[in-house]
Asks: 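Mind looking over this structure? Questions follow.
Each ligand, and each atom within it, is numbered from 1 in the order the structure gives. Just so it is clear, the structure is predicted and the values come from calculations on it, not from any experiment.
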Amino acid sequence: MTHIISPSILAADFANLGAEIEKINASQAEWIHLDIMDGVFVPNISFGFPVIKYIKKHSKKTLDAHLMIVNPDNYIERFGEAGIAYLTVHYEACTHLNRTLQKIRSCGMKAGVAINPHTPVSLLSEIIQDVDLILIMSVNPGFSGQKFIPNTYGKVTQTKELLQQKNANAIIEVDGGIDLTNAPKLYELGANALVAGNTVFMSNDPIDTIRQLKNS
Ligand code: DX5
Ligand code: ZN
């Protein structure tokens, strides 16, 4: 499978958002990762629909939204209207996850489920056939620029095994602390998409860094 790179716009310079998006447009990244935080599910607040509207307008890439919010069901339709392609909700935030995923698909989007570092992969066994994407958090969600948690490697392997066992084929995405040292092993273990915030946007040459991540 191809190596998808999803630069997280959270680490971009928001005063120069247009220029930051142009860099992604000019790069080999397939997706742009949008981290939506509500200050309740995670101890941080990021951005919402007004910003997403302009990212959609200027970006040529697939929009990959990661909702770190409680009650995501309340906003699914609006994310569909905003042009999101992949909408990922947190396992830990959804009491009726099956219903939430159905609603995402009924709004014309691909449905993803994210799990926090402490959440076992085995909890996905009854839902894995109904998702398009599994997002494995490799940091505790809330902030860019945190250190990668090595336990993630085992979770990628377990997710791959669970997919095979259930004859399912969701994309495996890993998010948090991704850099050129851990990307090759994650791809080797079966990850298909890697999110990168700081590694891309703090680089002197984001376009080349994306190329290196993708080809690692
Ligand atoms: C963390 C977010 C990540 C983060 C990635 O809550 O979900 O997407 O912005 O940023 P880096 O790559 O800097 O860890
Ligand atoms: Zn994210």
Asks: Starting from atom 1 (C) of ligand 1, which protein heavy atom do you reach first, and at what distance in Å?
Replies: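 Of the protein heavy atoms, Phe143 O, 3.6 Å lies nearest.
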Asks: Do Asn198 and ligand 1 have an N or O pair less than 3.5 Å apart?
Replies: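 Yes, there is a polar N/O contact under 3.5 Å.
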Asks: What N/O/S atom of Asp35 gets nearest to the Zn ion (ligand 2)?
Replies: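 Nearest to the Zn ion (ligand 2) within Asp35's N, O and S set: OD1.
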Asks: Suppose we only allow N, O or S atoms; which atom of Asp175 ends up nearest to the Zn ion (ligand 2)?
Replies: OD2
Asks: Between atom CD1 of Ile178 and atom OG of Ser8, what is the distance when rounded to the nearest 0.5 Å?
Replies: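 Reported value, rounded in 0.5 Å steps: 11.5 Å.
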Asks: I need the atoms of ligand 1 closer than 4.0 Å to a non-hydrogen atom of Gly176, numbered in the order shown.
Replies: 14 (O)
Asks: Taking 4.0 angstrom as the limit, do Lys23 and Glu20 come out as a salt bridge?
Replies: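 Counted as a salt bridge, because a side-chain N and a carboxylate O are separated by less than 4.0 Å.
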Asks: Within ligand 1, which atoms have a heavy atom of Gly177 less than 4.0 Å away?
Replies: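 Answer for ligand 1: 11 (P), 12 (O), 14 (O).
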Asks: With a 4.0 Å heavy-atom cut-off (strictly under), which part of Asp35 contacts ligand 1: side chain, backbone, both or neither?
Replies: side chain
Asks: Looking at ligand 1, does any of its N/O atoms fall within less than 3.5 Å of an N/O of Asp175?
Replies: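 Such a contact does occur with ligand 1.
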Asks: Hey, which atoms in ligand 1 end up nearer than 4.0 Å to a heavy atom of Met37?
Replies: 6 (O)
Asks: Any atoms of ligand 1 less than 4.0 Å from a non-hydrogen atom of Ala196? List them with their elements.
Replies: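 With Ala196 as reference, the close atoms of ligand 1 come out as 12 (O).
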Asks: For ligand 1, which atoms have a heavy atom of Gly145 less than 4.0 angstrom away?
Replies: 11 (P), 13 (O), 14 (O)
Asks: Working to the nearest 0.5 Å, report the span between CD of Glu30 and NE2 of His3.
Replies: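 So the gap between those two atoms works out to 10.5 Å.
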Asks: Hey, what do you get for CG (Leu101) to CG (Asp130), rounding to the nearest 0.5 Å?
Replies: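 Between atom CG of Leu101 and atom CG of Asp130 there are 7.0 Å.
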Asks: What verdict does the ring-ring contact (aromatic ring centres under 6.0 Å, His included) test give for Phe49 and Tyr54, after you've listed the backbone C-alpha separation in whole Å, the side-chain angles of each residue and the deciding distance to 0.1 Å?
Replies: CA-CA 9 Å; Phe49 294 110; Tyr54 287 99; over 10 Å; no
Asks: Indicate the atoms forming the closest heavy-atom contact of Lys155 with Thr119, along with that distance.
Replies: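 Distance-wise, the nearest heavy atoms are NZ-O, 2.8 Å.
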Asks: Would you please say whether a donor-acceptor pair under 3.5 Å links the side chains of Thr181 and Asp179?
Replies: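 Looking only at side-chain atoms, Asp179 and Thr181 do form a donor-acceptor pair, the distance falling under 3.5 Å.
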Asks: What atoms of ligand 1 come closer than 4.0 angstrom to any heavy atom of His66?
Replies: 7 (O)
Asks: Does the pair Arg105/Asp132 count as a salt bridge with the N-to-O cut at 4.0 Å?
Replies: yes
Asks: Does Lys110 NZ have over 12 foreign heavy atoms under 6.0 Å away?
Replies: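 Not more than 12 within 6.0 Å, no.
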Asks: Does ligand 1 have a heavy atom under 4.0 Å from the side chain of Ser8, from its backbone, from both, or from neither?
Replies: side chain
Asks: Does Ala11 have a heavy atom less than 4.0 Å from any atom of ligand 1?
Replies: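 Not so, Ala11 does not reach ligand 1.
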Asks: Under 3.5 Å, N or O to N or O, is Gly197 touching ligand 1 that way?
Replies: yes
Asks: As a test of reading the structure, name the N/O/S atom of His66 that is nearest the Zn ion (ligand 2).
Replies: ND1
Asks: When the aromatic ring centroids of Phe79 and Tyr86 are compared, is their separation below 6.0 Å?
Replies: no
Asks: Just jot down the ligand 1 atoms closer than 4.0 angstrom to any heavy atom of His33, in number order.
Replies: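 Once the distances to His33 are compared, the set is 8 (O).
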Asks: Going by atom types alone, do Asp175 and His66 pair a side-chain donor with an acceptor below 3.5 Å?
Replies: yes
Asks: Using a 4.0 Å cutoff against the non-hydrogen atoms of Gly142, which atoms of ligand 1 qualify?
Replies: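 Answer, ordered by atom number: 1 (C), 6 (O).
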